[in-house]
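Input: a single structure, listed below in structure tokens.
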Amino acid sequence: MTKVSSVTFQYVLKALQLNSGVSIDEMLEVIDLDKDILTSTDSQIDSIKLSTAFKYCMEKTGDFSLSLKIGKSITYHSLGILGYLMLNTNSLKEMIEKFNYYQKLISGFIKFHLEKTKEYYKLSIYINENPSISVPSFHAEVHLSAILSILSQIVDKKIIPDKTCFSGHRVSHLDEYKKLFGERIFFETDENSIFFNYQTLRTKVNNSNPAMLCYFEMQANKILDDMKESTFYSKVKKEILKNIGENDITIDFVAKKLNTSVRILQYNLKEENKKFRDALLSVRMNLARHYISNTKMDYNSIAFYLGYSEPSSFFRAYKKYFNKTPAQSK
């Protein structure tokens, strides 16, 4: 469905190996991936392969809290400049706000979304900023346990959210979950979120340094400015992915989202030897494969969600794109 950088992919495989005892070579064989790809810093790898590696390790070890252990093992140092920026904030509240704003520094297909209410700060995770795309349970568990672990490391105090919601099924053994998330854990909800009340948000960060925060923010903003320079084709795909399932995806719609005209959009794509229909098809097909692999949605529902007027059109497109039927992708 989406791509993961080879650097991130290798980092997760190492964490899986450390926590499960399953070798990286064994995982690469299972997911049919060449080891040389991991050493190429500019490679992008299908996220479904990462999901497959996760499932394999959990099933082989019988440890279904593996994702929580991996999340807990992540330190703020692994966030690079973002981690040191957070280290110099004044409070948990400011830390969460800075993390939300600068999270683009740690590229990934799963993003956090901060919502502020009168009672809570809520951190939710989405795939490519689209809340309608389902997040596999182990991805949700890794990311939510990781951010809690990082927040706790920085304030030097165990942070327990007021409540935690998972979209996945309720687990039979809650002990590991309660150690991390406390007693108020809810499953089979429509979101993957952690909630912090304002009393918790007032938790102070020891030895924070406003001057160092200013320095790291200045460096972070420079990096973000550099990151804005990306291909036009990738921007088009991102807008399609953010809005598919909620809006009728047309070239006019995407052009408006990008604050440009259809003519200029087509021109920019032509300069990159790309077409709008290629971007739309790529997003549709990779999303279809994601839903087939990670959810129990029926084919008709998937076709409707992706904007096909008839399921038969979806089946033909899928077969032509992947050279196999949706049933053969199970």
Side-chain angles (χ1 to χ4, degrees), residues 1-4 31-32 44-56 58-59 109-111 113 124-141 143 165-171 186-193 233-234 236-257 274-330:
M1 181 202 59
T2 50
K3 301 290 183 180
V4 180
I31 62 179
D32 191 25
Q44 297 288 313
I45 305 170
D46 195 325
S47 63
I48 288 180
K49 289 189 178 293
L50 191 59
S51 299
T52 303
F54 248 109
K55 290 177 182 178
Y56 177 75
M58 287 191 292
E59 289 171 0
F109 67 98
I110 291 187
K111 298 293 185 184
H113 172 74
S124 306
I125 55 174
Y126 300 151
I127 291 181
N128 282 307
E129 304 175 41
N130 189 334
S132 65
I133 301 176
S134 59
V135 180
S137 59
F138 42 89
H139 284 306
E141 291 161 359
H143 282 75
C165 294
F166 290 106
S167 61
H169 296 299
R170 182 177 180 83
V171 296
F186 303 90
F187 294 91
E188 299 181 28
T189 69
D190 59 356
E191 61 185 349
N192 293 283
S193 308
Y233 182 68
S234 67
V236 169
K237 287 181 68 175
K238 183 176 181 180
E239 285 304 321
I240 293 172
L241 190 56
K242 284 168 62 176
N243 292 282
I244 199 166
E246 299 291 327
N247 297 282
D248 184 21
I249 305 299
T250 64
I251 192 169
D252 298 79
F253 175 84
V254 173
K256 288 179 182 177
K257 285 290 182 179
K274 300 289 186 181
K275 296 180 180 178
F276 177 78
R277 66 169 179 263
D278 297 332
L280 179 57
L281 180 63
S282 175
V283 172
R284 278 175 162 175
M285 291 299 99
N286 285 291
L287 265 180
R289 186 168 61 170
H290 166 76
Y291 277 109
I292 291 167
S293 300
N294 294 291
T295 74
K296 295 182 179 179
M297 285 177 66
D298 61 78
Y299 300 141
N300 288 354
S301 297
I302 293 173
F304 177 77
Y305 174 80
L306 296 177
Y308 287 95
S309 57
E310 296 292 337
S312 57
S313 300
F314 164 66
F315 276 84
R316 284 195 300 272
Y318 193 97
K319 178 70 182 295
K320 184 176 180 180
Y321 194 88
F322 291 114
N323 199 29
K324 57 183 175 182
T325 66
Q328 291 170 330
S329 297
K330 282 285 189 179

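No experiment lies behind these values; they were computed from the predicted model shown.
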Might you confirm whether atom NZ of K275 has over 12 heavy atoms from other residues, nucleotides or ligands at distances under 6.0 Å?
no

According to side-chain contact (heavy atoms from CB on, under 4.5 Å), who are the partners of K237, at least two apart in sequence or on a separate chain?
Y233, A279, S282, V283

Say you draw a straight line from CG of D248 to CG of N243; how long is it, rounded to the nearest 0.5 Å?
11.0 Å

Between NZ of K49 and CG of D32, what distance do you get to the nearest 0.5 Å?
5.0 Å

I need the minimum non-hydrogen distance between V254 and E239, along with the two atoms involved.
CG1-CB, 4.2 Å

I need the S301 OG to K296 NZ distance, nearest 0.5 Å.
14.5 Å

For F276, the ring-ring contact (aromatic ring centres under 6.0 Å, His included) test, sequence neighbours excluded, returns none

How many angstroms lie between CG in D46 and CZ in R289, if you round to the nearest 0.5 Å?
4.0 Å

Looking at K257, I want to see if its NZ is surrounded by more than 12 non-hydrogen atoms of other residues, nucleotides or ligands under 6.0 Å.
no

Do the side chains of H290 and P136 get nearer than 4.5 Å, heavy atoms only?
yes

What one should report as the nearest heavy-atom pair of Y291 and M297 is CD2-SD, 3.2 Å

Would you confirm whether T189, through its side chain, and F166, through its main-chain N or O, come within 3.5 Å as a donor-acceptor pair?
yes

For the CG atom of D190 and the OG atom of S124, what is their distance to the nearest 0.5 Å?
9.5 Å

Nearest-0.5 Å distance, CD1 of residue I292 to OG1 of residue T325:
8.5 Å

All heavy atoms of E188 vs all of R170, minimum pair found to be OE2-N, 3.7 Å

Full working for side chain to side chain contact (heavy atoms under 4.5 Å, CB included) between H139 and L50
CA-CA 10 Å; H139 284 306; L50 191 59; 4.3 Å; yes

Kindly give the heavy-atom pair with the smallest separation between I48 and S293, and that separation in Å.
CD1-OG, 4.3 Å

Tightest non-hydrogen contact, residues I125 and A140, listed as CD1-CA, 3.3 Å

Tightest non-hydrogen contact, residues V135 and N192, listed as CB-ND2, 3.8 Å

With side chains defined as the heavy atoms from C-beta onward, is the minimum distance between V171 and F187 less than 4.5 Å?
yes

Side-chain donor-acceptor pairs of residues 307-321 under 3.5 Å, sequence neighbours excluded:
{"residue": "S313", "atom": "OG", "partner": "R316", "partner atom": "NH2", "Å": "3.4"}
{"residue": "Y318", "atom": "OH", "partner": "S329", "partner atom": "OG", "Å": "2.6"}

